[in-house]
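Taking it in order: structure first as structure tokens, then the write-up.
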There are 2 protein chains.
Amino acid sequence: MMQKNIDCEKCFESPDVIFTKLTPEQLNFVRERHSCAHYKKNDIIFKEEDEPIGLLVLCEGKVKVFREGVGRREQIVRMVKPFGLMGFRALFAEENHIATAMALEDTVLCIIDKDDLMKLIRENSDFAIGLIRSLASDLGFSNRRTVALTQKHIRGRLAESILFLKETYGLEDDDSTIKIYLSREDIANLSNMTTSNAIRTLSTFSSEGVISINGRKIKILDIKKLERISSLG
Amino acid sequence: MMQKNIDCEKCFESPDVIFTKLTPEQLNFVRERHSCAHYKKNDIIFKEEDEPIGLLVLCEGKVKVFREGVGRREQIVRMVKPFGLMGFRALFAEENHIATAMALEDTVLCIIDKDDLMKLIRENSDFAIGLIRSLASDLGFSNRRTVALTQKHIRGRLAESILFLKETYGLEDDDSTIKIYLSREDIANLSNMTTSNAIRTLSTFSSEGVISINGRKIKILDIKKLERISSLG
DNA sequence: GAGATTTTATGCTAAAAAACATAATTAGAA
DNA sequence: TTCTAATTATGTTTTTTAGCATAAAATCTC
């Protein structure tokens, strides 16, 4: 328990986290009232049909949020990075979760339960605006993504996903390796294609010198070309 | 100008509109400060890259919101019915509009400019929560839709769209005709398919006795079968 | 109301992507 | 470590859907 609270500490101090909108008193309230949860790789954080419990702030780790569609085939609808918000959309839409969140690596979450969350929203409009902003950005992302996934061809969709992963998680010190290691299946589920097509197209990109692959490590070799492939569909 | 304000009146009085969250003083403020805009069928309300001006409340009419993708092909991301909210997502995401809104029939909008909107959010947390709720519902819709449009086959996508139109706009007095008349092209753009496939699949549904078509009027004859087609993909 | 334009309808062909099959490789468990 | 299971790789076939063509019907414009 002691350990737990220490693990969330960095998330109260980050300049990127929604908690920066809180007054010192409110931040103390959150420090006292929050709970902290730890997940190992592949652990499920919440799943479709679960009841939402409040606001989840990702302190550490990486998370995929996906929805199961036809024949249990999963489509990743969101990738979360540290200080991103999760789990509160369903609360406000007054429904159960419509997607499943799974840890892609060891993950630490800071949890604000729904009553505490409502209290903060009611007494601090900047905090409320922060939540509005988060939903507004996610909705923009989702709308753009719907069109890209439905209209672009396989190469365009995969190129877009690679660029998206780079934007979201950044690059390692070599300035070219994307800082996330996904299975080909996850890459396929992100890009709306079968696993074999993801594998095939990745190796085509590699043979074209656009990327290089080493197991699950993807290096971007020619970002201009990747952007061209992505935008031409 | 006089005329204009009268046209928005019904929207201040509806039990479904976000203005119900306002205090009487705030409602008066809105009555004084709002502006009212009229659009004819096919008029553009805002388009991609336009700067957002505030909150738009649809008082009367029907609106499609679409995004242009590969080869200017449009994908409808939202259909708006009276008392639905529009145009404020981009404001909070701090970006320009990423989609175009077009009137599908003669339409009346109530416009709250962004400074007035911010004032209302800051002084009334129920109003802020109403906006959060609207975005949260839209985001859920968008995520569900992304998966349906990418994973379902043509028949499933079209069946889903027909059911969605029925849910959104309701039925006429005969209890079977959907209360919106869209071109085959719009139906195609809603369902992620080419116009010819929309036409073809609609006439297949008709010959199977699932629906009947009379020009742009669609009657649902066998809703159970339609639901089955939609859910099986 | 005649002519032009748009929308709807249907058939045919081509392209894209899924499905399937079979290895090779890698990672995980006993 | 060795065996097993999962992941990655690649070739082939089949299905789905887009693209194109043509014509009929409906709508708009002058």
Side-chain angles (χ1 to χ4, degrees), chain A residues 40-42 64 69-75 102 104-105 147-162 180-208 211-218 229 232-233, chain B residues 40-42 64 69-75 102 104-105 147-162 180-208 211-218 229 232-233:
Chain A
K40 296 229 163 291
K41 188 177 169 176
N42 296 328
K64 67 171 173 180
V70 182
R72 305 188 56 77
R73 181 175 150 206
E74 64 182 58
Q75 174 64 47
M102 184 185 275
L104 289 167
E105 46 188 65
V147 180
L149 290 180
T150 54
Q151 296 197 355
K152 287 184 182 179
H153 284 175
I154 279 200
R155 287 170 58 89
R157 299 203 300 270
L158 183 64
E160 179 174 291
S161 290
I162 294 170
I180 189 173
Y181 305 136
L182 292 176
S183 69
R184 302 292 193 267
E185 192 179 1
D186 278 339
I187 292 174
N189 293 341
L190 180 65
S191 315
N192 178 34
M193 61 187 66
T194 55
T195 305
S196 11
N197 277 328
I199 290 167
R200 204 188 311 272
T201 311
L202 277 172
S203 74
T204 309
F205 282 177
S206 168
S207 73
E208 289 169 351
I211 60 170
S212 81
I213 36 184
N214 183 350
R216 292 185 179 186
K217 278 195 168 99
I218 297 175
I229 295 169
L232 290 178
Chain B
K40 296 229 162 292
K41 189 177 169 175
N42 296 328
K64 67 172 173 179
V70 181
R72 305 189 55 79
R73 184 175 147 206
E74 65 182 59
Q75 174 64 47
M102 185 185 274
L104 289 167
E105 45 188 66
V147 180
L149 290 180
T150 55
Q151 297 197 354
K152 287 183 181 178
H153 286 176
I154 279 199
R155 286 169 59 88
R157 299 202 301 269
L158 183 64
E160 180 175 290
S161 290
I162 294 171
I180 187 171
Y181 305 136
L182 291 176
S183 67
R184 303 291 193 267
E185 192 179 1
D186 278 339
I187 293 174
N189 292 341
L190 180 64
S191 315
N192 178 33
M193 61 187 65
T194 54
T195 306
S196 10
N197 277 327
I199 291 167
R200 204 189 313 272
T201 311
L202 278 171
S203 74
T204 309
F205 282 177
S206 169
S207 72
E208 289 169 351
I211 60 171
S212 82
I213 36 184
N214 182 349
R216 292 186 178 185
K217 278 194 170 98
I218 297 175
I229 296 170
L232 290 177

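Chain letters run A, B, ... following the sequence lines, proteins first, then strands; residues in each count from 1.
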Quiz item: Rounding to a whole Å, what distance do you find between N197(A):CG and dT13(D):C1'?
Solution: 14 Å
Quiz item: Once you round it to whole Å, what is the distance between P of dG19(D) and CZ of R200(B)?
Solution: 13 Å
Practice problem: Starting from the 5' end of DNA chain D, give me the residue, I213(A) or R157(B), whose nearest nucleotide shows up first. | Solution: I213(A)
Practice problem: Measure from the side-chain heavy atoms of S183(B) and tell me the nearest of dA18(D), dA19(C), dT8(C). | Solution: dT8(C)
Exercise. For M193(B) and dA15(C), give me the distance from atom CE to atom P, rounded to whole Å.
Key: 22 Å
Quiz item: So what does R155(A) hit on the nucleic acid, given a heavy-atom distance under 4.0 Å: a base, only sugar-phosphate, or nothing?
Solution: nothing
Self-check item: Nucleotide nearest S196(A) (side chain, heavy atoms from C-beta), chosen from dT17(D), dA18(C), dC20(C)
Solution: dC20(C)
Quiz prompt | Contact under 4.0 Å: R216(B) side-chain N or O vs dT7(C) OP1/OP2 | solution = no
Quiz item: Which whole-number value in Å describes the distance from R184(A) CZ to dA24(C) P?
Solution: 19 Å
Self-check item: For the student: nearest non-hydrogen atoms of S206(A) and S212(A), plus distance
Solution: OG-CA, 4.4 Å
Exercise. Pick base, sugar-phosphate or nothing for S203(B), based on heavy-atom distances below 4.0 Å to the nucleic acid.
Key: sugar-phosphate
Self-check item: Closest approach of Q151(B) to V70(A) (non-hydrogen atoms, all atoms of both residues)
Solution: OE1-N, 2.8 Å
Quiz item: In a check of side-chain contact (heavy atoms from CB on, under 4.5 Å) between T150(A) and each of Q75(B), M193(B), R73(B), which one passes?
Solution: Q75(B)
Quiz item: Do you know the tightest heavy-atom contact between N192(B) and L149(B)?
Solution: ND2-O, 3.4 Å
Quiz item: What is the distance from CD of Q75(B) to P of dA18(D), rounded to the nearest Å?
Solution: 11 Å
Quiz item: In whole angstroms, how far is the P atom of dA18(C) from the CG atom of L149(A)?
Solution: 12 Å
Self-check item: Closest-nucleotide 5' rank along DNA chain D - winner of I199(A) and H153(A)
Solution: I199(A)
Exercise. Nearest whole angstrom, please: distance from the C1' of dA17(C) to the CG of N192(A).
Key: 10 Å
Self-check item: Separation of atom CD in Q151(A) from atom P in dG19(D), rounded to whole Å
Solution: 10 Å
Quiz prompt | Nearest heavy atoms of L158(B) and S191(B), plus distance in Å | solution = CD1-OG, 4.0 Å
